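Everything below concerns the one structure shown next.
All figures in this text were calculated on a predicted structure; none of them were measured in a lab.
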Amino acid sequence: MEKENLKVLVVLTSHDQLGDTGNKTGFWVEEFAAPYYVMADAGVDVTIASPKGGQPPIDPKSALPEFQTEATKRFDEDKELQAKLANSMILSEVDEQDYDAIFYPGGHGPLWDLANDKTSITLIEDFWKNNKPVAAVCHAPGVFRFVKDSDGIPLVKGKKVTGFSNSEEEAVQLTDIVPFLVEDELIKLGGDYSKGADWGSYVLKDGNLITGQNPGSSEETAKELLALLSK
């Protein structure tokens, strides 16, 4: 089904420092590229935004050969999408009323900026209040840390959610570097957290909230969002 009239806002991090390690971070290419193509190929009009606008930082690790997928290879050849990415909108200039849903790709960057970004927090709350789908994958469910529903209750409280697991964070040896652990934070907020196998695709939908566990869940998260939008 063509979704030509649907508009989805994809929000990426502008943060490129991995704590005080001196290493770089940003967004994870697969988690942006796979959902982007799932939506764009279905005729969805996708807008990209980030707190600072312009080129959002790409996590250099996500460009390594072992992390390449069909979607990342397609992105590497896609000069048009690369140009679109380099000119992302400034988040504060976005109007929720222009979009049907919002999608947050992960990477470690969002834990530092988007989780604390007042514009992002308000934007998610506006989408939620207006019954529009909100989706996030991997580390991006961390952006719900300070998001509340219209009753002032944490958005994820009592909802089925997933996100990058403690065991996956341990595997990439960043447990002591990140500002908080996504799994722990979602549980602390009262979310009904569950996870699948490390690195396998695991996606949960609870009403208008869709969360995916890790990079391998990116495509499925976007497909769930499309299914919800086409109802």
Side-chain angles (χ1 to χ4, degrees), residues 9-20 25-28 31-32 35 49-52 56-57 59 91-92 94 96 101-130 132-170 172 174-195 202-215 217-218 221 225:
L9 180 69
V10 169
V11 181
L12 293 170
T13 182
S14 290
H15 184 87
D16 70 352
Q17 297 296 316
L18 194 59
D20 51 13
T25 189
F27 73 88
W28 198 259
E31 296 169 30
F32 162 69
S50 60
K52 294 179 181 173
D59 187 317
L91 197 57
S92 59
V94 165
E96 165 268 325
I102 191 168
F103 188 103
Y104 283 79
H108 285 86
L111 299 186
W112 276 276
D113 66 348
L114 290 169
N116 303 294
D117 188 289
K118 288 186 170 51
T119 302
S120 175
I121 292 164
T122 302
L123 204 53
I124 296 168
E125 290 175 346
D126 286 346
F127 272 85
W128 190 257
K129 186 173 64 190
N130 290 310
K132 295 177 179 180
V134 173
V137 68
C138 197
H139 284 88
V143 305
F144 302 136
R145 191 180 196 189
F146 298 117
V147 176
K148 299 198 164 47
D149 67 14
S150 47
D151 296 324
I153 295 164
L155 178 68
V156 301
K157 187 171 184 182
K159 294 188 182 65
K160 293 183 174 67
V161 286
T162 190
F164 205 58
S165 66
N166 290 355
S167 52
E168 288 167 320
E169 201 67 82
E170 191 66 42
V172 297
L174 291 172
T175 303
D176 299 329
I177 307 296
V178 292
F180 62 93
L181 294 166
V182 175
E183 177 179 335
D184 286 357
E185 191 63 28
L186 291 172
I187 291 168
K188 192 172 97 183
L189 290 166
D192 179 9
Y193 179 91
S194 63
K195 60 184 177 179
Y202 186 77
V203 178
L204 291 173
K205 180 174 86 67
D206 192 329
N208 278 330
L209 184 65
I210 301 169
T211 48
Q213 182 179 326
N214 49 35
S217 312
S218 307
T221 304
L225 178 59

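Of the inter-residue distances, the one linking Ile102 atom CD1 with Trp128 atom CH2 reads 12.5 Å to the nearest 0.5 angstrom. Once rounded to the nearest 0.5 Å, the distance linking CG of Leu189 with NZ of Lys159 reads 11.0 Å. Ile124 CD1 to Asp149 CG: the interatomic distance, rounded to the nearest 0.5 Å, is 13.0 Å. Note that CG of Leu181 is 12.0 Å distant from CD of Glu168, once rounded to the nearest 0.5 Å.
Between Tyr202 and Ser194, the closest heavy-atom pair is OH-OG, 2.6 Å. Heavy-atom minimum distance, Val161 versus Gly191: CG2-CA, 4.0 Å. Residues His15 and Pro57 approach most closely at O-CG, 3.5 Å, considering heavy atoms. Across every non-hydrogen atom of Leu114 and Pro51, the tightest pair is CD2-CG, 3.6 Å. Contact between Glu125 and Phe146 at its shortest, heavy atoms only, is OE2-O, 3.9 Å. Between Phe180 and Arg145, the shortest heavy-atom contact is CD2-NH1, 3.2 Å.
Distance alone, capped at 3.5 Å, places no donor-acceptor pair between the Gln213 side chain and the Lys195 backbone. Thr162 places no side-chain N or O within donor-acceptor distance of the main-chain N or O of Gly212, the cut-off being under 3.5 Å. Between the side chain of Ser218 and the main chain of Pro215, a donor-acceptor pair closer than 3.5 Å is present. Proximity of a side-chain donor or acceptor of Asp151 to a complementary backbone N or O of Ile153 within less than 3.5 Å is not detected. No donor-acceptor distance shorter than 3.5 angstrom exists from the side chain of Thr211 to the backbone of Gly163, with no hydrogens or angles considered. For Asp113 (side chain) and Thr13 (main-chain N/O), no donor-acceptor pair under 3.5 Å exists by modelled atom type. Listed for the Ser14 side chain is a donor-acceptor partner under 3.5 Å among the backbone atoms of Lys52.
By the side chain to side chain contact (heavy atoms under 4.5 Å, CB included) test, Lys132 is found to be paired with Glu96, Phe127, Asn130, residues two or more places apart in sequence or in another chain being considered. Evaluation of the salt bridge (charged side-chain N to carboxylate O under 4.0 Å, His left out) rule for Lys129 yields Asp126 as partners, not counting sequence neighbours. For Lys188, the side chain to side chain contact (heavy atoms under 4.5 Å, CB included) partners two or more places apart in sequence, or in a different chain, are Glu185. Scanning for side chain to side chain contact (heavy atoms under 4.5 Å, CB included) contacts around Ala136 gives Tyr104, Ala140, Pro141, Phe144, with sequence neighbours left out. For Lys160, the side chain to side chain contact (heavy atoms under 4.5 Å, CB included) partners two or more places apart in sequence, or in a different chain, are Asp192, Leu204, Asp206.
Side-chain contact check for Tyr193 versus Ser165: some heavy-atom pair is nearer than 4.5 Å. Side-chain contact between Pro35 and Phe103: present, with at least one pair of heavy atoms (C-beta onward) separated by less than 4.5 Å. For the pair Pro105/Val10, a side-chain contact is recorded, criterion being any heavy-atom separation below 4.5 Å from C-beta on.
A side-chain contact (heavy atoms from CB on, under 4.5 Å) with Val147 holds for exactly one of Val156, Leu155, Leu123; it is Leu155. Considering Val143, Asp117, Leu12 as possible partners of Pro110, the one that fulfils the side-chain contact (heavy atoms from CB on, under 4.5 Å) test is Val143.
Under the side-chain hydrogen bond (donor to acceptor under 3.5 Å, both in side chains) criterion, the residue pairs touching residues 175-184 are Asn166-Asp184, Glu170-Thr175, with sequence neighbours excluded.
Below 30°, between 30° and 60°, or above 60°: for His139 and Phe164 the angle between ring planes is between 30° and 60°, a tilted geometry.
Residues Glu169 and His108 bring a donor and an acceptor atom of their side chains to less than 3.5 Å of each other.
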